[in-house]
Amino acid sequence: MNKVLVTGGTGYIGSHTVVELINAGYETVIVDNLSNSELFILDRIEQITGVKPKFYQIDLCEREKVVELFKAEGNIDAVIHFAAFKAVGESVKEPLKYFRNNNLSLINLLEVMSEVNVNNVVFSSSATVYGQPDVLPATESTPFQKALSAYGSTKQMGEEMLEKVSAATAIKSIALRYFNPVGAHKSALIGELPVGIPNNLMPFVTQTGIGKREQLTIFGADYSTPDGTCIRDYIHVVDLAKAHVKACERLLQGKAEESYEVFNLGTGKGTTVLEIVNAFEKVTGQTLKYKIGERRVGDVESLYAETKLANNKLGWKAELGLDEMLSSAWAWEVKLHEGIVNA
Ligand code: NAD
Ligand code: WQD
């Protein structure tokens, strides 16, 4: 049984990925400092899969702890590195917090992996590296644009670090560029746990639907899109999780064609904010209160993925549609509201 170390594994995307790894027959070990997640997620993973993953509460910025972890675990076959801070707005205000956490954790991980001869790593990148491309859909060779946030810089730098380290060492890496991950596991036992007022659209929509927020503000309706609102490529978190299993398989079966590879993870389909609102109302039967507000600084007008590379080389394709994204996000919000999740 191959053993995969999942950093940030109690977080939103990490926890869904641990479930899919266990379902696919992998042994998983989670490392997380719980800075943005909670311990009860481990019990939820056990409820879903019947397996409670081994857990280390460690900050990856503490190099000695990372060394101890790899020594204690022994034969790790691959690492999936989710651990990072991800709040774009906060990263503009506190850039060093992001450079320190996101870059130092990756440097520590790669150094220690090299030392102990663990040579496969999958990295969480983001479609934010593209900014607003001149041509859509964005392909993996669409050039990076100057990052508008420190968060975006850390993803660009992370990718560059991996490319160069993989060229110079035995490490093989795959960077996965996520478009807009939404939704929750169908059990509604795990999902996104936003802290405070959500910045992202989907948790804001579900929190407004449940009455936790008064109304949604749509950030601009004067864009050059069919209904004037921004276009994004929303992808179900379970589809995203399954792509990580494929990426691990590719590395472990020696199928990677380059020492560093990159894949877009999206559906390839663009959806406007208003389409999300309408679909939410249709799927949940709720009426969503919203108003049109000003554009949000830093937003791009339209971004969606070309997914052929992941389809052909990873053998992965997004299977779940907008209805499943919205209904699962809603089911999770309802459970959160009932207080069942933290019980
Ligand atoms: P999340 O915050 O739910 O999960 C990240 C986890 O990493 C958290 O559990 C947190 O406690 C942990 N962590 C952070 N810093 C750590 C450190 N120094 N040491 C140990 N643990 C640490 O976020 P997520 O939405 O699951 O995102 C996972 C990854 O995917 C991140 O790298 C994020 O940048 C990237 N990503 C997310 C999105 C998105 O919209 N959610 C989009 C593109 C890329
Ligand atoms: C989606 C759309 C908003 C909230 C961000 C990061 C990106 C990646 C994913 C990590 C936009 C609109 C939103 C609201 C709104 N994360 N919106 N009212 O900005 O595409 O991407 O998350 O890597 O790096 O930048 O996602 O969910 O914030 O916004 O109208 O209250 O919803 O303007 O058009 P975004 P989002």
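Quick caveat, the model's predicted, so the values are computed rather than measured. Both ligands and their constituent atoms are indexed starting at 1 by order of listing.
Residue contact annotation: Ile58 has a non-hydrogen atom under 4.0 Å from ligand 1. Using 4.0 Å as the threshold, Ser125 has a heavy atom nearer than that to some atom of ligand 1. Put simply, part of Lys155 is less than 4.0 Å from ligand 1, judged by heavy atoms.
Considering both main-chain and side-chain atoms, Ser126 never comes within under 3.5 Å of ligand 1 through any nitrogen or oxygen pair. The distance criterion of under 3.5 Å between nitrogen or oxygen atoms is not met by Ser105 with respect to ligand 1. Residue Lys86 places no N or O, backbone or side chain, under 3.5 Å from any N or O of ligand 2. Every N/O-N/O distance between His81 and ligand 1 stays at or above 3.5 Å. Between Phe179 and ligand 1, no N or O atom pair is found at a separation short of 3.5 Å. Note: no N/O pair closer than 3.5 Å links Val273 and ligand 2 by distance alone.
Near Leu34, meaning under 4.0 Å from any of its heavy atoms, are these atoms of ligand 1: 11 (O). Atoms of ligand 2 found under 4.0 Å from any heavy atom of Asn199, numbered from 1 in the order shown, are 4 (C), 28 (O). When each atom of ligand 1 is checked for a heavy atom of Ser37 under 4.0 Å away, the hits are 8 (C), 9 (O), 11 (O). The ligand atoms of ligand 2 that sit less than 4.0 angstrom from a heavy atom of Tyr151 are 10 (C), 23 (O), 24 (O). Listed by number with element, the atoms of ligand 1 under 4.0 Å from a non-hydrogen atom of Asp59 are 17 (C), 18 (N), 19 (N). Close contacts between ligand 2 and Ile218 involve ligand atoms 30 (O) [criterion: under 4.0 Å to a heavy atom]. In summary, the atoms of ligand 1 found under 4.0 Å from a heavy atom of Ser35, numbered by their order in the structure, are 10 (C), 11 (O), 13 (N), 14 (C), 15 (N). When each atom of ligand 2 is checked for a heavy atom of Thr128 under 4.0 Å away, the hits are 24 (O). Interface atoms of ligand 1 facing Ala83, defined by a heavy-atom separation under 4.0 Å, are 7 (O), 13 (N), 16 (C), 21 (N), 22 (C). Proximity to Cys230 (heavy-atom distance under 4.0 Å) selects the following atoms of ligand 2: 34 (O). Distances below 4.0 Å separate heavy atoms of Gly8 from the following atoms of ligand 1: 6 (C), 7 (O).
Looking at atom 40 (O) of ligand 1, its nearest protein heavy atom turns out to be Pro181 CD, 3.4 Å. Of all protein heavy atoms, the one lying nearest to atom 33 (C) of ligand 1 is Tyr151 OH, 3.5 Å. Looking at atom 17 (C) of ligand 1, its nearest protein heavy atom turns out to be Asn33 ND2, 3.4 Å. In terms of protein heavy atoms, atom 18 (N) of ligand 2 is closest to Thr217 O, 2.8 Å. Ranking the protein heavy atoms by distance from atom 11 (C) of ligand 2 puts Arg232 NH2, 3.8 Å first. Protein heavy atom at the shortest distance from atom 30 (O) of ligand 2 is Phe219 N, 2.9 Å. Nearest protein neighbour of atom 6 (C) of ligand 2, counting heavy atoms only, is Val88 CG2, 3.7 Å. Scanning all protein heavy atoms for the shortest distance to atom 7 (C) of ligand 2 gives Ser126 OG, 4.1 Å. Of all protein heavy atoms, the one lying nearest to atom 27 (O) of ligand 1 is Ile13 CD1, 3.8 Å. When only non-hydrogen protein atoms are considered, atom 15 (N) of ligand 1 lies nearest to Asn101 ND2, 3.1 Å. From the protein, the heavy atom lying nearest to atom 22 (O) of ligand 2 is Asn200 ND2, 3.1 Å. The shortest contact between atom 30 (O) of ligand 1 and any protein heavy atom is with Tyr178 CE1, 3.2 Å. In terms of protein heavy-atom proximity, atom 29 (C) of ligand 1 is nearest to Phe82 O, 3.2 Å. Looking only at heavy atoms of the protein, atom 12 (C) of ligand 1 is closest to Asp32 OD1, 3.3 Å.
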Self-check item: CA sep, side-chain torsions, deciding dist, call: Ser166, Ser173, side chain to side chain donor-acceptor pair (under 3.5 Å)
Solution: CA-CA 7 Å; Ser166 302; Ser173 54; 2.6 Å; yes
Practice problem: For the pair Ile174 and Phe123, evaluate side chain to side chain contact (heavy atoms under 4.5 Å, CB included) and give the outcome as yes or no after the intermediate values. | Solution: CA-CA 6 Å; Ile174 293 180; Phe123 174 65; over 6 Å; no
Quiz item: Could you walk me through whether Glu90 and Tyr151 pass the side chain to side chain donor-acceptor pair (under 3.5 Å) check?
Solution: CA-CA 9 Å; Glu90 183 187 60; Tyr151 171 76; over 6 Å; no
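For Asp222, the CG atom counts as densely surrounded, since its 6.0 Å shell holds more than 12 non-hydrogen atoms of other residues, nucleotides or ligands. In this structure, Tyr290 places its OH atom where only 12 or fewer heavy-atom neighbours from other residues, nucleotides or ligands lie under 6.0 Å away.
The cationic group of Lys97 lies under 6.0 Å from the six-membered ring centre of Phe85 and within 45° of the ring axis, placing it in a cation-pi geometry. Note that Arg232 lies outside the cation-pi zone of Tyr304, set by a 6.0 Å cut-off to the ring centre and a 45° limit from the axis.
When all heavy atoms of Trp332 and Ala188 are compared, the closest pair comes out as CE3-O, 3.4 Å. Closest approach of Lys54 to Glu73, counting heavy atoms only: NZ-OE2, 2.9 Å. Residues Glu159 and Ser125 approach most closely at OE2-OG, 2.6 Å, considering heavy atoms. When all heavy atoms are compared, the tightest approach of Ile171 to Leu110 is CD1-O, 3.8 Å. What you find for Lys172 and Leu251 is that their closest heavy atoms are CB-CD2, 3.9 Å.
Contacts between Leu201 and ligand 2 below 4.0 angstrom, taking non-hydrogen atoms only, involve backbone and side chain alike. Proximity of Tyr234 to ligand 2, defined as any heavy-atom pair under 4.0 Å, is confined to the side chain (atoms from C-beta onward). Contacts between Leu303 and ligand 2 below 4.0 angstrom, taking non-hydrogen atoms only, are absent altogether.
In summary, Asp43 and Lys52 engage in a salt bridge, as defined by a charged side-chain N under 4.0 Å from a carboxylate O.
When the heavy-atom distances from atom 26 (O) of ligand 2 to Thr225, Asp299, Asn180, Asp233 are ranked, the shortest goes to Asn180. When Gly14, Gly9, Ala84 are ranked by how near their heavy atoms come to atom 5 (C) of ligand 1, first place goes to Ala84. Selection from Gln215, Arg296, Glu301 by nearest heavy atom to atom 19 (O) of ligand 2 gives Arg296.
Residues that satisfy the side-chain hydrogen bond (donor to acceptor under 3.5 Å, both in side chains) test with Thr287, not counting sequence neighbours, are absent from this structure.
The aromatic ring centroids of Tyr26 and His244 lie 6.0 Å or more from each other.
Classified by interplanar angle (parallel below 30°, tilted 30° to 60°, perpendicular above 60°), the ring pair Trp330/Phe280 is perpendicular.
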